[in-house]
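Have a look at the structure below before the remarks.
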Amino acid sequence: MEKIKNFIKMITFPELIKGLSVTTKYLFKKKVTEEYPDFKPHIPYRAKGKLHVQIDTCISCRLCEKACPEWCIKVFPPPKEQMKTDKRPQEFYINQEHCLHCSLCVDACPTGSIHHSYEFELVVTNFKELLFNKETLPYNQLLKQYKWNYIENVPVRPRTTTPLEQKENTK
Amino acid sequence: MNSQILINYIAFPLIKIAILLAAVFTVVAYIVLVERRLLGFFQSRLGPNRVGPLGLIQPVADGLKLFLKEDLIPTNANPFIFKIAPIFSFFPPFVGFAVLTFALPLIMPSGKMHQFAVADVDLGILLILSLSSLGIFGIILAGWSSGSKYPLFGSLRSASQMLAYEIPLTLSVISVIMMAGSFRLSDIVTAQQTYKFYFIIPGIVAFFVYLISVVAETNRTPFDLPEGESEIIGFHTEYSGMRFAFFFMAEYANVVLICMLTPALFLGGYDIPFLNDLELYKTHPYLVNVLGFLSYAAKSTLFAYFYIWIRATFPRYRYDQLLKVGWSVLFPISLLNLFLVALIKLFLMK
């Protein structure tokens with residue numbers, strides 16, 4: 001009996017048939033290739049993309065500028081008289097060419113105005129295109145594009161209250 | 001009278017050759033694309049799909065790229081043989097296509113019969129076998145003239161591999177020839193049509209031996225030691241540009257030739273399954289021509305798919321295993337099978 005079984009095994013080559021069936025299974029499986037330029041790739045939830053600043057909540061404290069190890073942020077605060085009423089910066093430069101995406105500025109910000117976006121396409125033909133100012137940081141457009149509120153949804157800032165709020169609470 | 005000879009013996013064959021060559025070149029170009037895409041699918045990838053819709057212009061881009069590349073000749077190489085070797089490898093498969101018959105003869109309105117072949121020679125299958133062993137000259141010369149030891153090793157491996165597998169291949173083909181009683185390819189198909197069964201049924205063993213040794217003959221993946229793209233260095237290491245393209249096209253032309261030869265030998269060629277062709281041919285000859293050609297194409301495509309499937313599945317043989325399988329398994333099996341087929345022919349097939 002065993003001999004017959006072995007003989008059948010010898011002439012039917014079950015291993016070969018098994019291998020061929022495995023490859024056939026893969027032929028009809030879903031392909032894993034992401035066709036990037038045609039279709040947007042899946043971006044992880046906590047991905048660190050381009051830096052973006054919500055100018056409306058910025059208080060021109062320049063903490064991000066000091067925290068940046070690559071000196072790629074430059075904040076121009078408004079004149080002293082204006083500071084009492086409107087603290088929004090006059091000009092805000094981010095040099096994305098030097099940015100390390102290290103999130104130190106995000107951690108330093110007391111109001112949570114500066115943060116990473118999901119934009120990762122930083123390939124340009126001219127380095128000057130990587131220098132962003134107040135007008136070219138399209139924060140509000142992005143909020144509409146991705147249909148979520150970044151600050152509420154993404155846990156990049158583990159502190160429940162900002163230092164400024166803490167200060168207000170102690171008053 | 002003179003113009004008649006000119007038309008029948010020069011103009012007509014030349015047109016046939018032009019059509020056949022154009023068709024073969026297109027098929028050879030596109031089987032490369034089909035293989036790359038199918039291999040991609042087998043590995044959960046998409047394969048080349050960028051150039052043109054579904055990547056259909058990819059072969060043109062590949063050809064153009066190889067054509068524009070610099071033509072390098074190593075300093076140690078023997079330039080004359082180095083240049084001539086790709087041609088040795090290139091022309092045998094393309095000549096082999098000449099003897100293939102693609103459908104039952106076309107009946108012209110004048111009552112003349114025209115074969116669907118460039119030259120339906122009475123030793124057609126023998127011609128293909130001898131040409132396939134001629135292709136090895138290209139490989140040996142390429143390896144030797146490169147002036148480097150690794151291509152030489154590759155070509156030597158190839159030589160003994162082809163020698164080992166040519167014998168079972170020929171023996172299994174001989175069993176078909178015995179059953180058909182002719183070397184002519186159209187006669188082999190007609191024999192299968194008149195016997196009303198395909199030669200795969202009495203010659204099932206011969207079929208499998210043929211299938212294995214033909215993969216080894218064309219240096220395809222489980223037996224691709226002469227070339228060994230992924231780890232070992234093959235005979236065309238020193239070749240680049242157009243000369244490499246010649247070897248590449250020769251390999252795929254060989255594959256196409258074998259894919260078209262296998263159905264003719266074992267699966268009835270242009271015979272339409274489940275239909276009595278020869279009866280139908282008397283009433284509707286053109287219909288049978290078209291359907292027969294289509295069924296031949298379908299059978300050949302099946303084998304082409306099978307080739308790619310095997311390439312996607314099996315790992316490469318070790319060299320000693322390769323020769324052991326060739327000499328001590330396939331050779332005795334094909335000899336025994338020859339004896340068996342002779343008995344079948346003698347007692348069962350009138």
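These numbers come from a predicted model, not from an experiment. Each chain gets a letter, A, B and so on, in the order its sequence line appears, and its residues count up from 1.
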message = So, using salt bridge (charged side-chain N to carboxylate O under 4.0 Å, His left out) as the criterion, who are the partners of A/Glu35 when residues are at least two apart?
response = B/Arg50
Side-chain donor-acceptor contacts of residues 324-340 of chain B below 3.5 Å, not counting sequence neighbours, with atom names and distances?
{"residue": "B/Ser328", "atom": "OG", "partner": "B/Lys324", "partner atom": "O", "Å": "2.7"}
{"residue": "B/Ser334", "atom": "OG", "partner": "B/Leu330", "partner atom": "O", "Å": "2.9"}
{"residue": "B/Ser334", "atom": "OG", "partner": "B/Phe331", "partner atom": "O", "Å": "2.8"}

query = Any ring-ring contact (aromatic ring centres under 6.0 Å, His included) pairs touching residues 208-230 of chain B, not counting sequence neighbours?
reply = B/Tyr165-B/Phe223, B/Tyr210-B/Phe266, B/Phe223-B/Tyr317
request  = Give me the ring orientation class for B/Phe199 and B/Tyr195: parallel if the planes are under 30° apart, tilted from 30 to 60°, perpendicular past 60°.
outcome  = tilted
query = Any side-chain donor-acceptor pair under 3.5 Å between B/Tyr319 and B/Gln161?
reply = no
query = Should the pair A/Lys9-A/Glu2 be classified as a salt bridge under the 4.0 Å nitrogen-to-oxygen rule?
reply = no
task = Could you please state which residues from residues 294-312 of chain B sit under 4.5 angstrom from chain A, measuring non-hydrogen atom to non-hydrogen atom, sorted by number, or 'none'?
result = B/Tyr305, B/Trp309, B/Ala312
